[in-house]
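Below, all heavy atoms of this structure are taken into account, side chains as well, without hydrogens, waters or symmetry copies.
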Amino acid sequence: MDPTVAQLAAAVRAALGRLGLPDGDPALERPKDPDHGEWATTIALRVARAAGRPPREVAADLAAALGDLPEVAAVEVAGPGFVNFRLSAAARAALVRRVLAEGEAYGRSALGAGRHVNVEFVSANPTGPLHLGSGRWAATGDAIAALLDATGHRVTREYYVNDVGEQVRRFGASLVRADRGEPPAEDDYRGPHVAALAADLRAAHGGALLTGDVDAIADAVGAAGVDAMRSRIEATLAGLGVVFDVWTREGSLHASGGLERALTRLRDGGHTEERDGALFLRTSAFGDDKDRVLVRSDGRPTYFASDCAYLADKLGRADRCIYLLGADHHGYVARLRAAAACLGEDPDRVEIVIGQLVNLLRDGQPVKLSKRSGDIVTIDEVLEEVGPDVLRYHFLRQNLDTTMDLDLAVVTARSMENPVYYVQYAHARVASLARQAVERGFDPGDPADADLELLDHPAELALLRALSGLPHVVADAAEARATQRLTRYAEDLAGTFHRFYAECRVLVDDPDADEAARAALLACSRARYWLVTAARQVLANALGILRVGAPDRM
RNA sequence: GCGCCCGUAGCUCAGUCGGACAGAGCAGGGGACUUCUAAUCCUCAGGUCGCAGGUUCGAUUCCUGCCGGGCGCACCA
């Protein structure tokens with residue numbers, strides 16, 4: 001927590017106590033309008049009713065009772081009963097020094113107290129290359145993980161691989177038929193990647209793998225295919241800048257006995273029931289719409305049984321399990337949480353984040369994807385055109401609750417329609433400034449010696465104000481699992497910087513001026529130099545958490 | 001039919017725990033580079049926050065209903 005905010009909150013509560021007013025959370029907020037100061041509280045509005053007095057009067061008393069506060073230049077009552085705080089020049093100077101001193105750590109916090117969070121995302125079946133729509137989950141899951149890491153959590157990024165079962169068998173059969181040049185069957189996987197992978201398998205394994213009756217070898221071929229495709233997916237994700245810590249294969253849960261152990265645990269917990277020869281889990285007892293089948297009447301376990309085993313496994317490894325799922329899986333929310341309860345675990349340790357789906361457009365027209373032909377738009381092909389920063393940033397900008405209309409023509413345009421360039425340019429501009437400083441032999445001195453209280457131009461004040469926001473934004477974004485709050489902040493900060501840059505010259509000198517005037521110019525240059533250096537750090541930190549590059553040149 | 005999500009400027013979208021005049025980018029009109037990167041800045045125009053009620057000192061935000069759109073409701077995987 002920002003030391004200033006903590007101090008203000010404590011001072012407000014103390015003042016409430018002195019006035020005999022009801023205690024309450026000051027809930028310090030940042031006014032949208034800079035004229036209202038750096039911080040504000042609405043506590044007077046909220047306790048006015050209980051106090052039986054007009055809010056403005058309460059606010060005035062509160063402001064008076066606060067007295068002099070460190071780092072605060074003025075306390076003002078405004079509007080219906082807001083109490084606004086205006087920070088002192090010394091506080092602003094301290095902010096710059098703090099950013100410079102903390103460096104990469106500025107914006108990070110220990111709010112998570114080292115709790116271990118497992119974030120599972122993407123987990124697409126490795127029966128084909130990653131579709132562009134999966135990019136949303138890849139970018140978002142990775143950034144949420146980074147946000148949690150930045151707020152003091154221990155984070156595991158995990159991908160669950162479906163490598164057994166009917167889908168894999170079907171995939172194997174598709175590969176065999178493709179290898180033999182036979183037409184695909186009704187439920188076969190199709191598309192160029194199937195034939196290409198079949199050829200790869202033949203090249204890698206020779207004929208042995210692909211010889212024999214289709215039904216007899218489908219499982220083995222499917223497993224080999226999944227293995228190969230999983231590697232390709234891993235490479236695609238790496239291209240997007242996403243690296244998973246753990247890949248858990250469903251088959252390993254079967255082989256390790258984890259599945260059996262989970263079933264036993266569920267039976268022993270008394271939450272299962274034989275019905276029509278099948279084994280049901282009574283998830284409806286914990287909020288699910290209906291009970292779910294664990295073992296079919298023919299004895300084969302369902303995917304849900306694996307899901308339970310996997311959940312039990314993860315809960316044994318982490319304090320909290322986050323699943324990032326597409327809206328087409330929102331039906332899983334109730335059953336997964338119920339499964340946790342049936343396992344005897346606290347369902348609140350299971351958090352499911354649902355993201356709405358992605359509609360692909362090109363020049364405003366929907367891109368028709370033909371499932372029959374296996375015609376899809378892959379992450380790889382888009383990455384070839386624009387690189388990871390643009391694509392990641394595009395996905396991270398938008399609220400997960402809204403369906404994303406992703407226009408390929410816009411995404412692939414190397415134009416200013418991609419706000420990531422706007423943010424990166426701000427960073428590159430400071431880097432360029434630093435190069436200029438060196439070229440001109442400018443000596444910035446030490447930030448401890450710079451007179452940072454000189455910073456009082458409106459554009460400078462706006463930039464300082466923006467810089468102070470990062471820790472709060474990171475904490476909020478992490479808490480809300482809302483990456484767009486950080487992208488929005490980065491854009492606001494970049495805009496504030498660009499306006500500053502247009503209005504205030506950093507490297508100033510006038511060889512014709514007298515000594516005193518030149519000394520004043522140097523002091524101004526130094527203060528501004530450290531201000532923009534701090535801005536560069538904050539931009540880099542924000543982009544770093546988003547895992548988007550912060551280039552020194554563009 | 002039931003459940004989840006969405007509806008904010010021409011377009012794509014922000015809007016934090018209910019708070020101060022509802023914001024940004026793009027598109028459109030008009031301006032600014034012999035000086036640290038013009039991938040920038042300034043300015044104008046653009047809104048019944050889907051509709052109707054309710055709660056509140058205060059509602060884009062919370063509640064109810066309706067309209068419109070997306071997704072889901074398997075002994076499928």
Side-chain angles (χ1 to χ4, degrees), chain A residues 25 27 29-33 35-36 40 42 45-46 48-49 54-55 78-82 84 125 127 162 165-170 187 275-280 289-290 292-298 300 302-304 326-334 354-357 359 361 364 394 397-407 410 414-419 421-422 424-426 428-437 439-440 442 472-473 475-477 479-480 482 484-485 487-489 491-492 494-495 497-508 525 528-529 532 553-554:
Chain A
D25 182 1
E29 56 187 57
R30 305 174 66 74
K32 276 177 274 185
D33 186 339
D35 286 345
H36 297 137
T42 58
L45 289 162
R46 285 178 284 123
R49 172 174 286 270
F82 295 98
N84 296 333
N125 284 357
T127 50
N162 264 174
E166 189 55 33
Q167 294 274 33
V168 175
R169 181 177 181 75
R170 205 183 286 172
D187 291 332
R275 204 183 298 164
D276 306 327
L279 184 69
F280 280 74
D289 296 339
K290 61 188 81 167
R292 306 288 166 179
V293 176
L294 288 169
V295 182
R296 300 180 183 88
S297 47
D298 64 7
R300 290 150 55 225
T302 61
Y303 273 74
F304 180 61
D328 52 342
H329 288 85
H330 75 244
Y332 284 47
V333 176
I354 297 295
Q356 298 301 310
L357 304 179
N359 293 325
L361 311 172
H394 209 86
R397 265 193 110 208
Q398 192 164 332
N399 189 329
L400 278 178
D401 283 341
T402 59
T403 303
M404 175 177 282
D405 285 332
L406 190 132
D407 195 318
V410 172
R414 278 196 162 277
S415 75
M416 289 150 291
E417 287 181 61
N418 283 309
Y421 295 132
Y422 184 79
Q424 291 183 319
Y425 182 50
R429 268 185 147 175
V430 184
S432 169
L433 212 41
R435 288 192 297 270
Q436 274 293 321
E439 261 181 45
R440 297 178 182 204
F442 170 74
H472 315 285
V473 171
D476 282 349
E479 170 79 23
Q484 81 280 1
R485 292 196 192 164
T487 57
R488 177 67 49 164
Y489 169 79
E491 286 166 45
D492 287 345
F497 171 79
H498 286 310
R499 281 186 288 279
F500 160 83
Y501 189 88
E503 283 201 54
C504 299
R505 231 190 130 67
V506 175
L507 303 173
V508 286
S525 275
R528 286 180 172 170
Y529 178 88
V532 299
R553 295 173 201 273
M554 292 185 72

For [X], which contact category applies under a 4.0 Å heavy-atom criterion: base, sugar-phosphate, or nothing?
X      : value
A:R300 : sugar-phosphate
A:Y501 : base
A:R499 : sugar-phosphate
A:N399 : sugar-phosphate
A:A428 : base
A:Y332 : base

Return the polar atom pairs (N/O with N/O) between nucleotides 6-9 of chain B and the protein under 3.5 Å, or none.
none

For this session: Kindly express the pairing pattern of RNA chain B in dot-bracket notation, using | wherever a base pairs with another strand and counting only Watson-Crick or G-U pairs under 3.5 Å.
Result: (((((((..((((.....[...)))).(((((.......))))).....(((((..]....))))))))))))....
Any residue meeting side-chain contact (heavy atoms from CB on, under 4.5 Å) with [X], in chain and number order, not counting sequence neighbours:
X      : result
A:T302 : A:V293, A:R296, A:F304, A:A305
A:F442 : A:A437, A:P444, A:L507, A:L522, A:S525, A:R526, A:Y529
A:R499 : A:T496
A:E491 : A:Y393, A:R397, A:P419, A:V423, A:T487

Exercise. Within this structure, what is the CZ-to-P distance between A:R397 and B:A14, rounded to whole angstrom?
Worked result: 9 Å
Tell me whether the side-chain N/O atoms of [X] come closer than 4.0 Å to OP1 or OP2 in [N].
X      : N     : value
A:N418 : B:G25 : no
A:R553 : B:A39 : no
A:Q484 : B:G15 : yes
A:Y421 : B:C26 : no

For this session: Kindly say whether, by distance alone, the side chain of A:S297 makes a donor-acceptor pair under 3.5 Å with the base of B:C75?
Result: yes
For this session: Assess whether one donor atom and one acceptor atom, taken from the side chain of A:H329 and the base of B:G72, lie less than 3.5 Å apart.
Result: no
If we take the [atom1] atom in both [N] and [M], what is their distance in whole Å?
N     : M     : atom1 : answer
B:G19 : B:C63 : P     : 15 Å
B:C13 : B:C17 : C1'   : 23 Å
B:C41 : B:G58 : C1'   : 37 Å
B:A24 : B:A20 : P     : 15 Å
B:C44 : B:G68 : C1'   : 34 Å
B:G69 : B:G30 : C1'   : 39 Å
B:U48 : B:U60 : P     : 14 Å

Quick check: closest heavy atoms across [X] and [Y], and the distance to 0.1 Å?
X      : Y      : result
A:I354 : A:D401 : O-OD1, 4.3 Å
A:N125 : A:N162 : OD1-OD1, 2.9 Å
A:A48  : A:P54  : CB-C, 4.3 Å

Ring pair (Phe, Tyr, Trp, His ring centres under 6.0 Å) involving [X] - partner list, sequence neighbours excluded:
X      : answer
A:Y422 : A:H498
A:H330 : none
A:Y501 : A:F497
A:Y489 : none

Problem set entry | Residues which pass salt bridge (Lys or Arg N to Asp or Glu O under 4.0 Å) with A:R275, listed by chain and number, not counting sequence neighbours | A:E273, A:D291
Exercise. Within the side chain of A:Q484, is there an N or O that forms a donor-acceptor pair under 3.5 Å with the backbone of A:A477?
Worked result: no
Tabulate atom names and distances for all N/O pairs under 3.5 angstrom spanning the protein and nucleotides 18-20 of chain B.
{"from": "B:A20", "atom 1": "OP2", "to": "A:K32", "atom 2": "NZ", "distance (Å)": "2.9"}
{"from": "B:A20", "atom 1": "N6", "to": "A:N84", "atom 2": "OD1", "distance (Å)": "2.9"}
{"from": "B:A20", "atom 1": "N1", "to": "A:N84", "atom 2": "OD1", "distance (Å)": "3.3"}
{"from": "B:A20", "atom 1": "N1", "to": "A:N84", "atom 2": "ND2", "distance (Å)": "3.1"}

Problem set entry | Closest to side chain of A:L507, choosing from B:U12, B:C36, B:G72 | B:C36
